[in-house]
Visitor: 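For reference, the structure I am asking about is given below.
In what follows, every heavy atom counts, from backbone to side chain, and hydrogens, waters and symmetry copies are set aside. So you know, we letter chains A, B, ... as the sequences are listed, proteins then strands, and number each from 1.
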Amino acid sequence: MSVRVRMAPSPTGFLHIGGVRTFLFNWLFARQHDGECLLRIENTDTGREVAESVEQIKESLTWLGIDWDGEVAFQLDSAGRARELAQQLLAEGRAYEDEGAIRFRQPAGSVAWDDAVRGRIEFQNEHLPDLVIVRSDGRPTYNFASPVEDLIDGITHVIRGEDHVSNTPSQINILRALGAELPVYAHVPNINGADGRKLSKRHGAVSIDAFRSGGYLPSALFNFLALLGWSFDDKTTIMSRRELVDRFTLARVVSSPATFDYEKLDWLNGVYLRNLQPDEYAHFLLTWLSEQQIDWPRTTVDATVPLIQEKIERFSQYPDFVRFLFEPVTPPADLDPRICAAAREKLAELDPWEAVTIERALRELCEELGEKPRQAFAPIRLAITGSKVSPGLFESLELLGRDESLERLGAVVAGAASAAADA
RNA sequence: GGCCCAUUCGUCUAGUGGCCUAGGACACCGCCCUCUCACGGCGGCGGCACGGGUUCGAAUCCCGUAUGGGCCUCCA
């Protein structure tokens, strides 16, 4: 039997990270078993907003690296086949009419299934309500349409969130009454925020789009998501898509909910960023910058890569780090001008203007002044970058260029002089 | 309220009766490296929700309690 699963995003709004994790498990399972992964779009509404939302969802899935083998429509409003089956149940006495609606008659006894994640789960049928399967206006309800759609689509494994556990016994009873074969059910745990409640905007980014604009790498987010409720062993963290496909098993999905740890994601993204080849790094960075509509000269951006690759864990940290190369800076007004003046003099005739020669010159300066590098470089850094935190000082000076560097050093000296004159 | 599910360091998790004086990772703390910030290296802190069983032996099995979550809609 070949595997067929489905991903069923809600077309209202953007792709939620919790739902994506469920899709990810479906996708990994399908790919590992050489099966099919369908994208099921609910077509309750054909409005333009919904259409745009669906496009947005597809775009986000694609960005993350989750593809699909076909699209099916979940025809909640106009499911002819569902109504036929409901009539059949009615005729067979497995359902009955109730104020214009059709209710499914729960059988006697109990119902159980072997959940691929949680093991055997059993319900007493007497606790299950006779649920409405077709509303009085003729529209099938979700708990009827969903198993029927799975049946029509030939879904072999229903991998979904744990909030569906309670719906499963009724869906199984319906499928049995229809004489259908049952899919394998796998209920995966939810993802919560730090307060133990369902992950929402209050906790941080939740849409795939937000992570994208936050400067995360899709491969890192993919890796992180796979580790939320699943693990390969007791020590493996970094895994490529290929490795995840090879190693994923439903049996190793845990049954307790997980808390989304933004700090760990940041760390993992940093690991991925640091492992990138410089040209790959530049490519991803440039793409991100253009998505953010930041328009800095490409060659300069390229040149900054070796300076910042080790230092940032999200692209969103990049602009503040190198802004001094593209825009004027404003060092603190009370900066001690003496070292800047000495540095300016020392660097004025330096040749060639390269990081190594700049470093040699500035270290000589330290000795001449009897200052420790730590102390002496601080005001220079502030004058050049406007910040206490920056890429390497010598490389920064090289990239900024001699003219602009001397200019900035000189500005601090001149500023101090005019402040003294005022006083 | 009823039914169902869950409960190992702050967080993600390993653990399926002896390998556990419970392992790894993030975070945190300390030290080292060091021009800042990072990276990296070394070390540390820190957990089996609780109570009963079963067993020679339990984080692991059973029962109960507590806590959290889900479902109980002619919502999806």
Visitor: Output the residues of residues 357-377 of chain A in contact with RNA chain B, where contact means a heavy atom of the residue under 4.0 Å from an atom of the strand; sort by number or write none.
Guide: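 Result for residues 357-377 of chain A: A:Arg363, A:Pro373, A:Arg374, A:Phe377, sorted by number.
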Visitor: Would you indicate what A:Phe394 reaches in the nucleic acid, counting non-hydrogen atoms under 4.0 angstrom: base, sugar-phosphate, or nothing?
Guide: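 Here A:Phe394 touches the bases of the nucleic acid.
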Visitor: Does the protein touch nucleotides 6-11 of chain B at the base, only the backbone, or not at all? Give it as B, S and - per nucleotide, heavy atoms under 4.0 Å.
Guide: SS---B
Visitor: Which donor-acceptor pairs under 3.5 Å do the side chains of residues 372-386 of chain A make with protein atoms, sequence neighbours left out?
Guide:
residue: A:Arg381; atom: NE; partner: A:Ser390; partner atom: OG; Å: 2.9
residue: A:Thr385; atom: OG1; partner: A:Arg381; partner atom: O; Å: 2.8
residue: A:Thr385; atom: OG1; partner: A:Ser387; partner atom: N; Å: 3.1
residue: A:Thr385; atom: OG1; partner: A:Ser387; partner atom: O; Å: 3.1

Visitor: Any donor-acceptor pair under 3.5 Å between the side chain of A:Ser390 and the base of B:C37?
Guide: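 No such pair is found, so the answer is no.
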Visitor: So A:Leu227, base contact, sugar-phosphate only, or nothing? Heavy-atom distance under 4.0 Å.
Guide: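 Sugar-phosphate: the residue A:Leu227, judged by heavy atoms under 4.0 Å, touches backbone atoms but no base.
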Visitor: Does anything in residues 308-337 of chain A reach RNA chain B, meaning a heavy atom under 4.0 Å, and if so which residues?
Guide: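 The stretch gives A:Glu310, A:Lys311, A:Phe321 as the residues lying under 4.0 Å from the strand, ordered by number.
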Visitor: Does A:Phe74 have A:Arg40 sitting over its ring (NZ/CZ under 6.0 Å from centre, angle to axis within 45°)?
Guide: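 That pair qualifies as a cation-pi contact.
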Visitor: Which is more 5' along RNA chain B, the nucleotide nearest A:Phe123 or the one nearest A:Arg274? Just name the residue.
Guide: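 This one resolves to A:Phe123.
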Visitor: Is the glycosidic torsion of B:C28 within 90° of 0, making it syn, or is it anti?
Guide: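 It is anti.
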Visitor: Could you check whether A:Gly392 gets within reach of a base, just the sugar-phosphate, or nothing at all, counting any heavy atom under 4.0 Å?
Guide: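 It contacts base atoms.
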Visitor: Using a cut-off of strictly less than 4.0 Å between a heavy atom of the residue and any atom of RNA chain B, enumerate the qualifying residues of residues 243-254 of chain A by number.
Guide: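 Those residues are A:Arg252, A:Val254.
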Visitor: Taking the nucleotide of RNA chain B with the nearest heavy atom to each, does A:Asp163 or A:Asp130 sit closer to the 5' end?
Guide: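 On the 5' side of the pair lies A:Asp163.
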Visitor: With heavy atoms under 4.0 Å as the rule, sort A:Asn143 into base, sugar-phosphate or nothing.
Guide: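 If one applies the 4.0 Å heavy-atom cut-off, A:Asn143 turns out to touch a base.
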Visitor: What pairs of residues pass the side chain to side chain donor-acceptor pair (under 3.5 Å) test when at least one of them lies in residues 314-328 of chain A, not counting sequence neighbours?
Guide: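 Side chain to side chain donor-acceptor pair (under 3.5 Å) check on residues 314-328 of chain A returns A:Asp266-A:Arg314, A:Thr304-A:Tyr318, A:Arg314-A:Ser316, A:Asp320-A:Arg323, A:Arg323-A:Glu327.
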